[in-house]
Amino acid sequence: MPYATEENLTDLALKQWEGCHSPRLRQIMQSLVKHIHGFARDVELKQDEWLMAVDWLAKTGKLSTEKRQEFILISDVLGLSMLVDAINHRLPEGATPSTVVGPFHIDDSPELPMGANVAEGLAGETTYLVGTVRDLNGKPVEGAKLDIWQADADGLYESQLGSEEPILRAIFHTGADGKYAIRTIAPPGYSIPMDGTVGDLLRKTDISHFRPAHIHFLVAAPGYETLVTHLFKKGAKYIDSDVVFGVKDKLIVEFEKHPAGKTPTGEISSQPFLVVNYDFILSKAKTQSDSQPALSRAAG
Ligand code: BEZ
Ligand code: FE
């Protein structure tokens, strides 16, 4: 092998990775070498900047635990999470679009009966989420799992509240009519966690660190592509400046104001309430494994 020069280094590193056993890993590593060398050449990376980046990555790693994933947060803020999501979910016209999963999903949420209140005892504007899980032909999907999670009225998720009990998260299953009805509270917009290395970086910018008000959904049914998405509140603050690029037009919904009276779950409310009406439209699974619930990055 020739000795390294500024000119031949990229070729040498690419050749080195020819020795990778897996063709896919080889492709990924060679592309990474090409782009990371290109990046260093492009900005003429200084030695102290390189060291600062290494320190930043080390700190980011130390901060990341099962309950907190600072690396995912930087991926979100760089738009990489949404890009990977887009590449992997080229859904047919008419299917509900996916969006970023975020760091706050927790596995094994409690199973609740349709119509249940996931915000029992919590302050906030009472909100009913109602609609149908359907396929692209309009047929209701029976036995669809709806896994929902959201922030409380202060914009905090269960893992940030340090609760031992499940807060504002639950799993529901549709019946033969594909319908769902869930009682909750309306979440506000909130700041992404700013007390770590991502916050350190964002404070050096004018980038808004807020997300618009939203509720997370994972909708899974046998034979269909698993959908991980949000519903965003129409007119919410930050709807046009989501720091993680998660907003899509078709995911913006009206939180309709209703006067006191009969609610979608049949109770009589003495207070006004909000109703969000939305049908989740699933596309057929491309492969068997696509129909399996697809989250393995439980946090908190
Ligand atoms: C969230 O919506 O929960 C979220 C997504 C990306 C980064 C931070 C939070
Ligand atoms: Fe969220």
Side-chain angles (χ1 to χ4, degrees), residues 60 63-86 88-89 96-107 109 118-119 122 124-125 127 129 146-163 166-171 182 184-203 205 207-219 227-234 236-248 251-253 255 276 278 294-300:
T60 303
L63 264 180
S64 299
T65 64
E66 261 186 19
K67 296 215 168 197
R68 171 171 191 158
Q69 243 302 357
E70 196 76 0
F71 274 121
I72 289 179
L73 196 57
I74 188 62
S75 162
D76 294 340
V77 165
L78 291 175
L80 178 62
S81 306
M82 278 303 285
L83 179 59
V84 172
D85 182 66
N88 285 274
H89 297 99
T96 301
S98 59
T99 191
V100 66
V101 59
F104 296 121
H105 178 263
I106 301 178
D107 281 341
S109 280
V118 302
L122 296 179
E125 266 182 297
T127 303
L129 312 172
L146 275 107
D147 182 347
I148 84 149
W149 68 105
Q150 66 168 89
D152 71 3
D154 295 320
L156 295 172
Y157 283 82
E158 182 186 314
S159 64
Q160 297 172 300
L161 294 165
S163 166
I167 295 182
L168 288 165
R169 62 182 175 97
I171 291 173
I182 299 165
T184 185
I185 52 167
Y190 60 82
S191 167
I192 59 164
M194 287 291 285
D195 56 344
T197 46
V198 174
D200 292 344
L201 194 58
L202 286 184
R203 269 187 293 276
T205 75
I207 299 170
S208 155
H209 49 92
F210 290 93
R211 300 214 62 210
H214 61 271
I215 298 176
H216 294 257
F217 294 82
L218 182 155
V219 188
L227 170 69
V228 177
T229 197
H230 307 356
L231 294 182
F232 293 93
K233 185 176 181 183
K234 191 170 176 185
K237 210 169 167 187
Y238 317 117
I239 200 87
D240 295 324
S241 60
D242 184 6
V243 59
V244 303
F245 311 96
V247 181
K248 292 181 177 175
L251 300 176
I252 300 175
V253 293
F255 280 49
V276 176
Y278 193 83
L295 285 185
S296 57
R297 50 171 282 205

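Model, not experiment: these values are computed from the prediction. First listed ligand is number 1; within each ligand, the first listed atom is number 1.
Evaluated for a side-chain contact (heavy atoms from CB on, under 4.5 Å) with His230, the options Arg211, Gln150, Lys248 yield exactly one hit, Arg211. Each of Val198, Thr60, Leu63 was compared with Leu73 under the side-chain contact (heavy atoms from CB on, under 4.5 Å) criterion, and only Val198 meets it.
Looking only at protein heavy atoms, the nearest one to atom 4 (C) of ligand 1 is Pro103 CD, 3.4 Å. Here the heavy atom of the protein found nearest to atom 2 (O) of ligand 1 is Arg211 NH1, 2.5 Å.
A donor-acceptor pair shorter than 3.5 Å can be found between the side chains of Ser81 and Ser75.
Salt-bridge annotation for Asp195 and Arg68: present, with a side-chain N of the basic residue lying under 4.0 Å from a carboxylate O of the acidic one.
Taking a cut-off of under 4.0 Å to the non-hydrogen atoms of Phe104, the atoms of ligand 1 that pass are 3 (O), 9 (C). Within ligand 1, the atoms closer than 4.0 Å to a non-hydrogen atom of Gly102 are 4 (C), 5 (C), 6 (C), numbered from 1 in the order shown. Residue Asp76 has at least one heavy-atom neighbour below 4.0 Å for each of these atoms of ligand 1: 6 (C), 7 (C). Interface atoms of ligand 1 facing His216, defined by a heavy-atom separation under 4.0 Å, are 1 (C), 2 (O), 3 (O).
For ligand 1, one of its N or O atoms has an N or O atom of Tyr190 under 3.5 Å away.
Residue Tyr157 counts as close to the Fe ion (ligand 2), with an N, O or S atom under 2.8 Å. Within the 2.8 Å limit, His216 places at least one N, O or S atom next to the Fe ion (ligand 2).
Other residues, nucleotides and ligands contribute over 12 non-hydrogen atoms within 6.0 Å of the CD atom of Gln160.
By the 30° and 60° cut-offs, the orientation of the rings of Phe104 relative to Tyr157 is parallel. The aromatic rings of His214 and Phe232 sit tilted, their planes meeting at an angle between 30° and 60°.
Sorting the N, O or S atoms of His214 by how far they are from the Fe ion (ligand 2) puts NE2 first.
For Leu73, every heavy-atom contact with ligand 1 shorter than 4.0 Å involves the side chain, none the backbone.
Under a 4.0 angstrom heavy-atom cut-off, His105 registers as lying outside contact with ligand 1.
We find the CG-CD1 distance between Leu231 and Ile148 to be 9.5 Å, quoted to the nearest 0.5 Å.
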